[in-house]
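Heavy atoms only: backbone and side chains are in, while hydrogens, waters and symmetry mates are out.
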Amino acid sequence: MSSEYDFQDHWDKAYHKNSIEDLGWYEDDPKASLELINKCNLSKNSMIFNAGAGATELIKKLIDSGYHDIYINDISKSALDKLKYSINNTDGLSFVVDDLTNPTDLLNLKMVDLWHDRAVLHFFLDQIQQDNYFNLLKSKVKDGGYVIFSEFAIGGAKKCCGLDILNYNEEMLLDRLGNDFALIESFNYLYIHPSNGNTRKYIYTLFKREM
């Protein structure tokens, strides 16, 4: 898929035409992400950035856990509108519609303690998209901060929501992050859609930036 493709229009249509629960990546319980976040031992005042959040249930789980400085990004305004509507109290939450591969408002993002990406990076096929994404990440994660990736694994599906994806393993992610980041944990995870039973192979990884 060319970098000229209109991803914003694609994702706006996906979220406009479908209920959240029918989307192929919907999680009613984001337990794998929460497991890794808990291992970071973050204070409740920590700044958490959710890249390409969509209408994830993770935000509500983080609020319930006491986190109150959460920056939520997506390229789709429709996705973030649905997420806002599903949250009772948005105090402490910041929402920004922006492109992770061609950022504008995200350039003003303050330094974060945790960068969380579930099923976003694997859509960036072009080298310049990947370079821009990782340049943004490296400029915004604090020394001692954490990065969580959960992407389609090697040997897994090649498409999602009609788009080609790039499958990952931990070595590929570590190579892109560079020597400033250490791999803390990695595991394979079989995602099962809560309503239709469809499965997808993911790899989950937790990295820490060296002090």
Taking the side chain as everything from C-beta on, heavy atoms only, tell me whether [X] gets closer than 4.5 Å to [Y].
{"X": "Leu137", "Y": "Phe149", "value": "yes"}
{"X": "Asn73", "Y": "Asn50", "value": "no"}
{"X": "Ile192", "Y": "Asn198", "value": "no"}
{"X": "Leu107", "Y": "Leu136", "value": "yes"}
{"X": "Leu183", "Y": "Leu173", "value": "no"}
{"X": "Tyr168", "Y": "Thr205", "value": "no"}
{"X": "Ile72", "Y": "Leu80", "value": "yes"}
{"X": "Ile203", "Y": "Tyr189", "value": "no"}

Do any N or O atoms from the side chain of [X] and from the backbone of [Y] form a donor-acceptor pair under 3.5 angstrom?
{"X": "Ser86", "Y": "Leu83", "value": "yes"}
{"X": "Tyr191", "Y": "Tyr26", "value": "yes"}
{"X": "Thr56", "Y": "Leu58", "value": "yes"}
{"X": "Gln129", "Y": "Leu125", "value": "yes"}
{"X": "Asp74", "Y": "Gly54", "value": "yes"}
{"X": "Asp126", "Y": "Ile128", "value": "no"}
{"X": "Ser46", "Y": "Leu42", "value": "no"}
{"X": "Lys44", "Y": "Ser65", "value": "yes"}
{"X": "Asp98", "Y": "Leu106", "value": "yes"}
{"X": "Lys201", "Y": "Ala157", "value": "no"}

Let me confirm one number: the [atom1]-[atom2] distance from [X] to [Y], rounded to the nearest 0.5 Å.
{"X": "Leu62", "Y": "Ser33", "atom1": "CG", "atom2": "OG", "result": "9.0 Å"}
{"X": "Glu171", "Y": "Asp175", "atom1": "CD", "atom2": "CG", "result": "10.0 Å"}
{"X": "Ile87", "Y": "Glu57", "atom1": "CD1", "atom2": "CD", "result": "9.0 Å"}
{"X": "Glu185", "Y": "Glu35", "atom1": "CD", "atom2": "CD", "result": "6.0 Å"}
{"X": "Asn89", "Y": "His68", "atom1": "CG", "atom2": "NE2", "result": "12.5 Å"}
{"X": "His10", "Y": "Phe123", "atom1": "NE2", "atom2": "CZ", "result": "7.0 Å"}

Step by step, work out the side chain to side chain contact (heavy atoms under 4.5 Å, CB included) result for Phe134 and Leu100. CA-CA 9 Å; Phe134 279 100; Leu100 289 158; over 6 Å; no
Taking atom types as modelled, find out whether [X] and [Y] have a side-chain donor-acceptor pair closer than 3.5 angstrom.
{"X": "Thr101", "Y": "Asp99", "answer": "yes"}
{"X": "Tyr133", "Y": "Asp117", "answer": "yes"}
{"X": "Asp12", "Y": "Ser76", "answer": "yes"}
{"X": "Asp131", "Y": "Gln127", "answer": "yes"}

Looking at every non-hydrogen atom in both residues, tell me the closest pair between [X] and [Y] and how far apart they are.
{"X": "Ser195", "Y": "Glu21", "answer": "OG-O, 4.1 Å"}
{"X": "Glu210", "Y": "Asn179", "answer": "CG-O, 4.2 Å"}
{"X": "Met172", "Y": "Asn167", "answer": "CE-O, 3.2 Å"}

Less than 4.0 angstrom from a charged side-chain N to a carboxylate O is my criterion; do [X] and [Y] meet it?
{"X": "Asp69", "Y": "Lys110", "value": "yes"}
{"X": "Asp64", "Y": "Lys60", "value": "no"}
{"X": "Glu27", "Y": "Arg118", "value": "yes"}

Stepwise side chain to side chain contact (heavy atoms under 4.5 Å, CB included) check, Tyr202 with Phe152: CA-CA 4 Å; Tyr202 278 80; Phe152 278 12; 3.4 Å; yes
Counting only heavy atoms not in Lys77 (residues, nucleotides, ligands), do more than 12 fall under 6.0 Å from its NZ? no
Are more than 12 heavy atoms from other residues, nucleotides or ligands located less than 6.0 Å from atom CG of Asn38? yes
In terms of hydrophobic clustering (I, L, V, M, F, W, Y; side-chain heavy atoms under 4.5 Å; direct or indirect links), are Leu34 and Ile70 co-clustered? yes
Is there a path from Met111 to Trp115 through hydrophobic residues (I, L, V, M, F, W, Y) whose side chains come within less than 4.5 Å of each other? no
Trace of the side chain to side chain contact (heavy atoms under 4.5 Å, CB included) decision for Gln130 with Leu166: CA-CA 11 Å; Gln130 297 168 18; Leu166 176 64; 3.7 Å; yes
What verdict does the side chain to side chain contact (heavy atoms under 4.5 Å, CB included) test give for Tyr146 and Asp113, after you've listed the backbone C-alpha separation in whole Å, the side-chain angles of each residue and the deciding distance to 0.1 Å? CA-CA 6 Å; Tyr146 295 88; Asp113 297 286; over 6 Å; no
Please say whether the positively charged group of Lys208, taken as NZ for Lys or CZ for Arg, lies over the ring of Phe181, i.e. under 6.0 angstrom from the six-membered ring centre and within 45 degrees of the axis. no
Parallel, tilted or perpendicular: which one describes the rings of Phe49 and Tyr71, with boundaries at 30° and 60°? tilted
